[in-house]
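One structure is given below, encoded as structure tokens.
All of these numbers come straight from a predicted model, not from anything done at the bench.
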Amino acid sequence: MRLYNSQSRSKEEFIPVHPGKVGIYACGPTVYNYFHIGNARPFIIFDVLRRYLESVGYEVTFVQNFTDIDDKMINRANEEGITVKALADRYIKEYFTDAKALGIHPATVHPRATEHIPQIIALIETLIDNGLAYETNGDVYYRVHAFPRYGCLCGQNLEDLESGARVSIGEQKEDPLDFALWKAQKKGEPAWESPWGMGRPGWHIECSAMSMEYLGETFDIHGGGKDLLFPHHENEIAQSEGATGKPYVRYWMHNGFINIDNEKMSKSKGNFFTIRDIAKEYDMEAVRMFMLSAHYRSPVNFSRELVAQAASALERLYGARDQLAFLMKTAEDREPDADEQQLMAQADQSRQKFDAAMADDLNTADAIAALFELVREVFKLPQAGVSRQALQKAEQAMLQMTGVLGLLLKQTDGISPEVKAMMDERAQARKDKNWKRSDELRDAIHAAGYTLEDTAAGQKVRKNV
RNA sequence: GGUGCCAUAGCCAAGUGGUAAGGCCAAGGUCUGCAAAACCUUUAUCCCCCGGUUCGAAUCCGGGUGGCACCUCCA
């Protein structure tokens with residue numbers, strides 16, 4: 001597999017630290033609210049990366065943290081008059097609800113910052129011992145100038161970075177670029193005991209501490225949104241490598257942003273959507289399809305029309321799956337004929353193209369194209385009496401591909417006895433050429449939530465979207 | 001100011017040296033009692049513009065134009 005590494009700015013062959021195993025750390029949400037459409041992109045992308053790596057045989061340890069202590073958490077908790085812990089518990093629960101709707105598997109581990117205070121403190125102490133951090137008035141800062149490689153990820157030197165830096169009033173830093181590792185307690189804030197007094201961890205240090213806790217001092221893949229490249233990930237490198245003296249991460253992956261109607265999503269512009277908002281209007285699986293229809297590094301625009309397009313494409317995919325299941329009922333146990341052999345060849349070809357696309361820096365758009373090439377062949381099959389062997393091969397290939405993408409997650413529901421009765425009555429009505437009654441029943445079935453189609457092999461139902 | 005990204009049909013989007021994938025939408029046709037779904041056909045002589053390299057470029061190089069991001073704990 002080849003992955004684009006943000007650090008080298010080029011695609012590199014993926015070679016894991018430990019053969020057969022992959023460690024991935026993805027920056028998770030700050031749990032002060034429902035997560036938004038922009039958060040959803042990396043969650044879905046790294047879920048697909050993980051599914052893909054597992055599908056080709058890797059044992060994957062996937063870590064995604066919850067930031068459950070920071071300024072936003074404290075402010076929100078104060079607004080609502082609840083504790084930071086209660087706020088975190090609530091939105092972590094909501095995270096899993098939304099993630100499930102989007103087809104995102106739970107990570108191997110979902111560490112919370114507040115449950116790793118000892119590891120964080122130990123890491124800061126090491127940095128102080130190494131001369132890379134200093135304490136002033138209960139705050140601890142990272143001494144950026146003491147880490148020669150600072151800027152290695154974002155590709156900028158200290159002088160250039162400094163020209164854009166600004167200092168907040170009240171901070172006693174040696175240098176404007178120095179960043180907080182530990183913040184002394186302010187009135188009314190949650191705090192933990194430390195060698196520097198009561199306080200709480202800075203944002204950057206939690207990811208260094210938790211990633212190394214679960215994945216080791218050097219691990220394979222670290223990802224997040226492009227905006228995290230600087231300063232968050234740059235700081236993680238400074239912290240981790242400054243403490244261990246070893247390379248921290250082999251491959252840095254960063255996803256592009258989602259714009260709303262060609263504008264950056266922001267609360268001030270009023271174009272800020274949480275997944276929970278979108279779920280009221282759209283099928284979450286269509287949102288996933290939308291996310292995978294473009295390459296993960298490109299910026300994408302999010303709009304109502306684009307989700308509708310994704311929903312239509314997804315419907316075609318479901319149609320193909322249902323068609324295979326439908327054909328299976330009349331499948332024949334015999335050798336495949338020429339057309340059926342072509343279907344089987346297409347199944348192999350699609351799989352190959354799919355794998356090649358995924359192996360090329362997770363090119364989901366190209367992979368989906370390969371999937372649809374098989375879909376087209378499936379629809380060309382006769383309505384009944386197809387070779388079972390050929391059907392099974394096509395179905396297996398299709399489900400393997402959709403499984404990697406995390407699509408086609410909905411099961412086909414059983415039909416209720418009422419709908420079944422209406423279908424039976426309609427079958428008789430059609431036999432009697434009673435078209436009026438037949439159409440009435442079709443409308444009634446539609447109202448009951450199903451769309452009816454007449455095929456050579458009888459009536460076929462599918463659930464309305 | 002520093003650093004980087006992007007520009008492909010009505011819409012979305014792959015393709016990074018060998019002659020334009022796939023999806024959505026649209027039109028015509030086939031099938032159907034009528035539908036629906038599906039299938040067939042049509043839909044970019046051309047990939048923002050101008051130069052250059054090359055037998056050959058959407059793909060490489062230079063210069064424009066337009067859009068965007070990071071440098072502000074926003075994925």
Side-chain angles (χ1 to χ4, degrees), chain A residues 6 9 26-30 35-46 67 70-72 151 154-157 159-166 168 177 179-180 202-204 206-207 223-232 234-235 254-259 262-268 272 289-290 292-295 297-301 303 305-317 319-320 322-323 326 353 357 360 363-373 375-376 378-381 383 430 433-436 438-439 442-443 446 451-456 460 462:
Chain A
S6 304
R9 290 182 192 139
C27 289
T30 300
F35 67 82
H36 58 70
I37 184 75
N39 296 107
R41 173 123 98 142
F43 299 161
I44 291 169
I45 285 159
F46 291 107
T67 296
D70 82 336
D71 290 344
K72 293 194 295 290
C154 65
Q156 301 213 63
N157 58 42
E159 291 71 49
D160 291 337
L161 287 169
E162 236 146 36
S163 69
R166 74 172 187 196
S168 300
L177 283 177
F179 57 91
W203 175 41
H204 311 296
E206 69 173 83
C207 285
K226 266 199 168 96
D227 59 323
L228 295 184
L229 222 141
F230 188 89
H232 186 55
E234 189 72 56
N235 290 351
H254 293 96
N255 64 273
F257 260 49
I258 289 179
N259 298 319
N262 292 314
E263 283 201 312
K264 182 172 168 168
M265 179 169 63
S266 69
K267 284 180 181 168
S268 56
F272 187 93
M289 182 76 178
F290 159 76
L292 299 179
S293 66
H295 189 90
R297 282 189 282 114
S298 329
V300 293
N301 208 27
S303 72
E305 188 196 355
L306 295 176
V307 181
Q309 286 186 14
S312 296
L314 192 60
E315 211 175 314
R316 181 168 165 83
L317 220 46
D322 293 348
Q323 179 69 4
F326 178 73
K353 189 176 162 186
D360 181 18
N363 190 337
T364 52
D366 220 9
I368 289 171
L371 175 59
F372 273 100
E373 283 168 20
V375 165
R376 192 201 299 130
V378 167
F379 279 128
K380 283 184 187 171
L381 260 16
Q383 287 292 316
R430 292 190 76 231
K433 299 203 187 298
N434 183 350
W435 308 127
K436 185 164 175 289
S438 168
D439 289 347
R442 184 164 58 196
D443 290 344
H446 188 81
T451 301
L452 200 66
E453 295 168 15
D454 296 314
T455 75
K460 184 173 158 188
R462 63 190 165 85

(message) Can you tell me the base-pairing partner of B:rA44? Count Watson-Crick or G-U wobble geometry only, both distances below 3.5 Å, and say none if there is no partner.
(response) none
(request) Both distances under 3.5 Å, Watson-Crick or G-U wobble: report the partner of B:rC68, or none. (result) B:rG4
(message) So if I define the base as every atom that isn't primed, P, OP1 or OP2, how would nucleotides 21-37 of chain B read as a B/S/- string at a heavy-atom cutoff under 4.0 Å?
(response) BSBBS-------BBBBS
(request) Any strand is fair game: report the nucleotide pairing with B:rC60 by Watson-Crick or G-U wobble, both distances under 3.5 Å, or none. (result) B:rG52
(request) Go through the structure and list residues passing salt bridge (Lys or Arg N to Asp or Glu O under 4.0 Å) with A:E305, not counting sequence neighbours. (result) none
(request) Mark yes or no for whether A:K353, through its side chain, and A:D366, through its backbone, hold a donor-acceptor pair below 3.5 Å. (result) no
(message) Using whole Å, what does the distance between atom C1' of nucleotide B:rA75 and atom CG of A:D70 come to?
(response) 14 Å
(request) Find the distance A:N255:CG to B:rC5:P and express it as a whole number of Å. (result) 17 Å
(request) Would you mind reading off the distance between A:L229 atom CG and B:rC70 atom P, rounded to a whole angstrom? (result) 12 Å
(request) Whole angstrom is fine here: how far is it from CD in A:E234 over to C1' in B:rG4? (result) 14 Å
(request) Quick one: look up who B:rG17 pairs with, Watson-Crick or G-U, both distances under 3.5 Å, and put none if it's unpaired. (result) none
(request) Assign A:C27 to base, sugar-phosphate, or nothing according to its heavy-atom contacts below 4.0 angstrom with the strands shown. (result) nothing
(message) Is it the case that the side chain of A:Q156 and the backbone of A:G151 share a donor-acceptor pair, with hydrogens and angles ignored and the cut-off at 3.5 Å?
(response) no
(request) Examine B:rA14: is either OP1 or OP2 under 4.0 Å from a nitrogen or oxygen in the side chain of A:T364? Give yes or no. (result) no
(message) Heavy-atom nearest nucleotide on RNA chain B for A:R41 versus A:V300: which residue maps closer to 5'?
(response) A:V300
(message) Need one value for A:G319: base, sugar-phosphate or nothing, where a base atom within 4.0 Å counts as base even if backbone is also close, heavy atoms only.
(response) nothing
(request) Using a cut-off of strictly less than 4.0 Å, decide whether A:K226 has a side-chain nitrogen or oxygen near OP1 or OP2 of B:rC6. (result) no
(request) Please state the C1' separation for the pair B:rC31 and B:rU41 - nearest whole angstrom. (result) 15 Å
(message) Test of understanding: with side chain to side chain contact (heavy atoms under 4.5 Å, CB included), list the residues that count as partners of A:A365, not counting sequence neighbours.
(response) A:N363
(request) Provide, to the nearest angstrom, the distance between the CZ atom belonging to A:F230 and the C1' atom belonging to B:rA75. (result) 17 Å
(request) For B:rG33 versus B:rG22, give the span between their P atoms, rounded off to a whole number of Å. (result) 32 Å
(request) Write down the distance separating the C1' atoms in B:rG17 and B:rA58, rounded off to the nearest Å. (result) 11 Å
(request) Have a look at A:G256 and say if it touches a base, only the backbone sugar-phosphate, or nothing, with a 4.0 Å heavy-atom cut-off. (result) base
(message) Let's test this: given Watson-Crick or G-U wobble pairing with both distances under 3.5 Å, identify the partner of B:rA9.
(response) none
(message) Using a 4.0 Å heavy-atom cut-off, does A:K433 contact any base of the nucleic acid, only the sugar-phosphate backbone, or nothing at all?
(response) nothing
(message) Taking the basic N atoms (NZ, or NE/NH1/NH2) and the acidic carboxylate oxygens, is any pair closer than 4.0 Å for A:D454 and A:R430?
(response) yes
(request) Would you mind classifying the nucleic acid contact of A:H36 as base, sugar-phosphate or nothing, using non-hydrogen atoms under 4.0 angstrom? (result) base
(message) Say we look at B:rG4 and B:rA36: how far apart would their C1' atoms be, to the nearest angstrom?
(response) 50 Å
(message) Could you tell me if the side chain of A:H295 sits less than 4.5 Å from the side chain of A:T364, heavy atoms only?
(response) no
(request) Rounded to the nearest angstrom, tell me the gap between atom CG in A:N363 and atom P in B:rA14. (result) 7 Å
(message) Is it the case that the base of B:rC74 and the side chain of A:K264 share a donor-acceptor contact (distance under 3.5 Å, atom types as modelled)?
(response) yes
(request) Using whole Å, report how far CZ of A:F290 lies from P of B:rA13. (result) 8 Å
(request) Searching all strands shown, indicate the nucleotide that pairs with B:rC25 (Watson-Crick or G-U wobble; both distances under 3.5 Å). (result) none
(request) Report the distance from atom CG of A:D439 to atom CG of A:L452, rounding to the nearest 0.5 Å. (result) 10.5 Å
(request) State whether A:K380 places a side-chain N or O below 4.0 Å from either non-bridging phosphate oxygen (OP1 or OP2) of B:rC40. (result) yes
(message) Side chains of A:N39 and A:H36: any donor to acceptor distance under 3.5 Å?
(response) yes
(message) Say we look at B:rC11 and B:rU53: how far apart would their P atoms be, to the nearest angstrom?
(response) 34 Å
(request) Could you tell me the separation between the CZ atom of A:F326 and the CG atom of A:L381, rounded to the nearest 0.5 Å? (result) 12.0 Å
(request) Could you measure between the two P atoms, the one in B:rC24 and the one in B:rA37, and give it in whole Å? (result) 11 Å
(request) Return the 5'-most residue of the pair A:M265, A:G155 with respect to RNA chain B, ranking by each residue's nearest nucleotide. (result) A:G155
(message) Applying a 4.0 Å non-hydrogen cut-off, can you work out what A:L371 is touching in the nucleic acid: base, sugar-phosphate, or nothing?
(response) nothing
(request) Over 60° means perpendicular and under 30° means parallel, so classify the ring planes of A:H204 and A:H232, tilted if in between. (result) tilted
(request) Provide the distance between the two P atoms, one in B:rA57 and one in B:rG18, to the nearest whole Å. (result) 12 Å
(request) For B:rC12 and B:rC48, measure between their P atoms and round to the nearest Å. (result) 14 Å
(request) Check the distance between B:rA75's P and A:R297's CZ and give it to me in whole angstrom. (result) 21 Å
